[in-house]
Amino acid sequence: MLLYAVRRILAIIPTLLLVSAISFVIIQMQPGSFMDRYLEDPRMSPETVERINAQLGLDKSPAEQYVRWLGGIITRGDLGYSFYSNRPVVRVVGEAFGWTVLLGVITLLFTWIVAIPLGIITALRRNGITDFIASFIGYIGLAIPDFLLALLLVALVLQSGGTQVGGLFSPQFIAAPWSFAKVLDFLGHIWIPVLAVGTAGVATIMRQMRANLLDVLNADYVRTARGKGLQERKVINRHAVRNAINPLVSMAGLSLPEIINGTMIVSIVLSLPTLGPALYDSLLAKDQYVAMTVLLLASLLLMIGNLLADLSLAALDPRVRYE
Amino acid sequence: MAYLRRILPALLFALLIAGANAQKHTVDYSGMGLEPGQQGGTMTLALGAAPPTFMYYADLGSDSKLVIQHIFDSLVEFDLETYEIVPGLAESWEISDDGTTYTFHLREGVTWHDGEPFTAEDVVFTYNEIIRNPEARAGDVAQFQFTVDGEQQEVEITAVDDMTVEMVLPAPSAAFLLQQRFPIMPKHKLLDFTVEGGAEASAINDAWPTDVDPSEVVGTGPFRLAQWVPGQMAVLERNDNFWKVDSAGTQLPYLDRLEYVIATGTEAQTAQFLAGNVDQLNITGAQFPDFKSREVQGADFVVVSSDALFGSPPHLAFNFDAEDPELAQLFGNHEFRRAMEHAVDRQRIIEDVYNGLAQLPGTPTAPADGTFYEDTTDLLNPFDLEAAAAALDELGVVDTDSDGIRNLPGGGNFEFTLTYGNDSQEFTDIATILQNDFEQIGVRANLQGIQAANLLSTGLAGDFEAIIVALGNQPDPELRKPIWQPGGSLYYWHRSTQGEDGANFDAMADWEERIWEIFDRGTVEMDSDARRELYAEWQRLNAEYAPVIMIAKQQNIAAVYDHVNNFVYSLGVIPGYNPTALFWVSE
């Protein structure tokens, strides 16, 4: 088991290398360069463009740029320099990381806390009115893109005379120190992205849970448990749900990168200070090392999530063994 | 006696204040309807993206400058009403008779936000160590390099004494004074980031990143940086020692706080405005009906519009050097372009795209430019599809195979791609209108949408057949020379005029050579009437030969809440044009 974990962790390194190479190639394939957007500026002489390109290392071949960047990471842990922000990438990404994780975790918690009980209820009351309503809302949530849902919610708030539209706080609270009122204001804002991003996830997990539980409910050992005369609550909680939830563990692991990825587009639409706008701006500005770092971070989380899922599955399910 | 003792401190204090204010500069814009206001209050504005830095000369974009412009001042400024050059940090100046020596007398008693006195040393430092540093990303070296008799010479900038700066030019330059709207930086804070302070030339770009201690970022301007909340908001606070007072003697700026909240995109900014979180928003003609109807229905804001000098009027350009030789030959022919001008329905674009909040364009000077605008509207070809069709027939571009599309002399269908910005409603609407009208005269334009931000670079790469681009107006044609002088670095529709070293005259038509001469003369001509006449001729030539087909000049439109007073429109960042110190809010 330990050996397996170590092997998996070591396998992350070549995968990350591959991911970084592919993303670098794709970023390089974008037309234009970092300097393009400034060309109309009457002050930009061709000499200045050349000098700035040299200053940023953009005069080197893409292969050399990539190798130098990679070298920086390996030898100095240096993730590169943000052309756009004139400071190390670590500081750019670091600023947005906290809010990203907070928002991602709240959304994930919301998704799971809502989805699992809903899945259980809809399985137990199969084809009932609860099942129908929950499934209906779930499908709508799946069908509407999250950013559209966010915009709709914002429009709804505006229509009803609300002022908490976009951002994490109202302007008067942004620069204020933490207080009870600020927390309330935060809660007044945060529900829009959480709901917009979470709804699709709720639908997926709810359906999965429902299907698993329905399978298990027909299993022999559940019939046996009932036949023994166990209370229905114990049958469901101790036997059925426990077995039904196993496959969801790997889903949970795979949803780890959602902490970063899930809220990206919604963050752009709602102007949230997360990695979403940072990645978007860096792709538009061709601020390549910021984009690379965010992409690498997301793939790293995906692989860690994958690993955690496999390990916890092994811990939970005695049938699963890794050699 | 006791009474005197009691009031003496108050008297002294009053004298002190009066003494301090006596040196201050009084601004009076009653001609624009601006009234003396009250101090206090907060105003919140929207910012499209987080500023990448607080170093003005390290960023070419406008997001950072929107914030930074309030922190600094320049030697000269624009008059808000007339766009004339008026004193800024330079209280007065003299220009020698030969037009080569500029002597600036600096304002006494100006201090940096941290209390240090402002002197000529700061000015010389800013120019020589930052603006003229070729590695400063938003520096401006070329402004201070002159080519005299084929030789490159530099402007000399020196401090004559503590309060006097002298700039000696190798040759006269008509727009030189107008250019001196560079924000002046504090030497005592930035010396370590310059070559003079022992750093590398590129180090200036690393000064004042957004996570710097805000108290490090000191200027002389109306506001000082108080706080930056990453990704969310920039907070500016009043500079109590600012050097301007209003006509009633009240210290400017009026506002206690100026906040910029990050809201990305039109939808987000509109939502924040309608929710009352943002006090003022610049909007477009397309958004006008929505905002206006809310105003009429009793919302507590007003929508104001005015003729604009700044701002970017769109034009339609044909690539004289298109890859297809037949197209290139046609596009390079001014009779063709004039024919196509007949198929450009400016009036409809003004009505439908801008909701009437636009006017016929200058060619290309803005009609609001009181100095240089030459009225060429009589020379523009009006919308007339029959005339367009007849002119195309004349050029031999006729439909020979009766498929509804005209044919080139070589026999192929006359069609071309029309590149436009598909993330801009304005460009998309214009492109569609053009495409439809062109279709009517048997000309097929295949639309190709790209990001509006990439339009110019696509144009500069010559990678287009026809394109819609918008380039900004400035108060002096000299400032737009790289765009409009044939062979200039931004003269993208006829790139073969750009030679290896300077212009390639072989590729120029006669009228282009004349325009080249006009701009060459305009740079050194010091007599303002003579300059006006030169540029008037250029505008007439542009109307007559239509190097590009100017489409319309939009108005400035803004939505402002009723509690904001003295509002003056300002289009993002125009160095030297910053009315914010005059805004005030009522309870």
Side-chain angles (χ1 to χ4, degrees), chain A residues 31-33 35-48 51-52 54-56 82-88 91-92 94-96 98-99 151 154-155 157-158 161-172 174-175 267-274 277-278 280-281 284-285 287, chain B residues 42 44 49-50 52-53 55 58-61 134-143 201-202 205-207 209-211 226-227 229-233 235 259 261-265 267-268 271-272 274-278 451 453-454 456-458 460-461 471-472 474 479-483 489-490:
Chain A
S33 86
M35 294 304 296
D36 279 358
R37 61 160 67 185
Y38 307 119
L39 287 173
E40 194 205 343
D41 202 296
R43 290 164 308 182
M44 295 306 291
S45 66
E47 293 80 41
T48 313
R51 271 177 186 276
I52 294 174
Q55 192 184 311
L56 301 176
S82 163
F83 304 157
Y84 184 58
S85 306
N86 294 321
R87 55 198 175 122
R91 272 151 68 185
V92 177
E95 261 174 9
W99 286 119
L151 285 177
V154 165
V157 171
L158 259 186
T163 62
Q164 293 167 327
V165 288
L168 287 179
F169 303 99
S170 304
Q172 67 268 31
I174 294 178
S267 290
I268 296 166
V269 172
L270 295 175
S271 311
L272 306 179
T274 69
Y280 180 69
D281 288 346
L284 281 188
D287 192 0
Chain B
T42 298
T44 307
T53 174
M55 179 65 212
D59 178 36
L60 297 148
E135 301 200 23
R137 285 202 198 162
D140 200 346
V141 186
Q143 208 56 249
S202 64
N205 298 319
D206 302 336
T210 48
D211 45 8
Q227 198 182 348
V229 186
Q232 299 189 70
M233 185 156 84
V235 183
E259 299 175 340
V261 60
I262 307 288
T264 310
E267 291 84 7
Q272 292 287 13
L274 294 178
N277 293 331
V278 163
Q451 262 183 20
N454 291 336
L456 186 69
S457 56
T458 303
L460 289 173
L471 297 172
Q474 290 283 344
L479 302 185
R480 305 271 73 182
K481 187 173 164 183
I483 300 174
S489 58
L490 302 177

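Chain letters run A, B, ... following the sequence lines, proteins first, then strands; residues in each count from 1. Computed over heavy atoms, backbone and side chain alike; hydrogens, waters and symmetry mates excluded. Owing to the predicted nature of the structure, the values given are computational and were not obtained by experimental measurement.
- Evaluation of the salt bridge (charged side-chain N to carboxylate O under 4.0 Å, His left out) rule for B/D206 yields no partner, not counting sequence neighbours.
- Among the candidates B/G231, B/A263, B/A275, the residue making the largest number of heavy-atom pairs closer than 4.5 Å to chain A is B/A275.
- Judged by distance alone, the side chains of B/T53 and A/R87 never bring a donor and an acceptor atom under 3.5 Å apart.
- With B/N277 contributing its side chain and A/T163 its backbone, the two residues share a donor-acceptor pair below 3.5 Å.
- The choice from B/A461, B/A207, B/A271, B/A226 that makes the most heavy-atom pairs within less than 4.5 Å of chain A is B/A271.
- Evaluation of the side-chain hydrogen bond (donor to acceptor under 3.5 Å, both in side chains) rule for B/T44 yields B/E259 as partners, not counting sequence neighbours.
- Both the backbone and the side chain of B/E135 come within less than 4.5 Å of a heavy atom in chain A.
- Between A/Q172 and B/T42, the closest side-chain pair of non-hydrogen atoms is not below 4.5 Å.
- Listed for the B/Q272 side chain is a donor-acceptor partner under 3.5 Å among the backbone atoms of A/V165.
- Residue A/L158 touches chain B through its side chain alone, counting heavy-atom pairs closer than 4.5 Å.
- Here CG of B/N205 is found 12.5 Å from OG of A/S85. Values are rounded to the nearest 0.5 Å.
- Closest heavy-atom contact between B/A49 and A/D281: CB-OD2, 4.4 Å.
- The line from CD of B/Q451 to CG of A/L284 is 5.5 Å long, rounded to the nearest 0.5 Å.
- Contacts between A/A175 and chain B at a heavy-atom distance below 4.5 Å involve backbone atoms as well as side-chain atoms.
- Proximity to chain B involves both the backbone and the side chain of A/P171, based on heavy atoms less than 4.5 angstrom apart.
- When the candidates B/P134, B/G276, B/S202, B/A268 are compared by the number of heavy-atom contacts under 4.5 Å with chain A, B/P134 comes out ahead.
- The shortest side-chain heavy-atom distance between A/R91 and B/D211 falls under the 4.5 Å cut-off.
- When all heavy atoms of B/A50 and A/Y84 are compared, the closest pair comes out as O-OH, 4.3 Å.
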Using the side-chain contact (heavy atoms from CB on, under 4.5 Å) rule, take A/N86 and B/R137 through it: C-alpha gap first, then chi angles, then the decisive distance, then the call. CA-CA 10 Å; A/N86 294 321; B/R137 285 202 198 162; 2.8 Å; yes
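- Heavy-atom distances place no part of A/V92 under 4.5 Å from chain B, backbone and side chain included.
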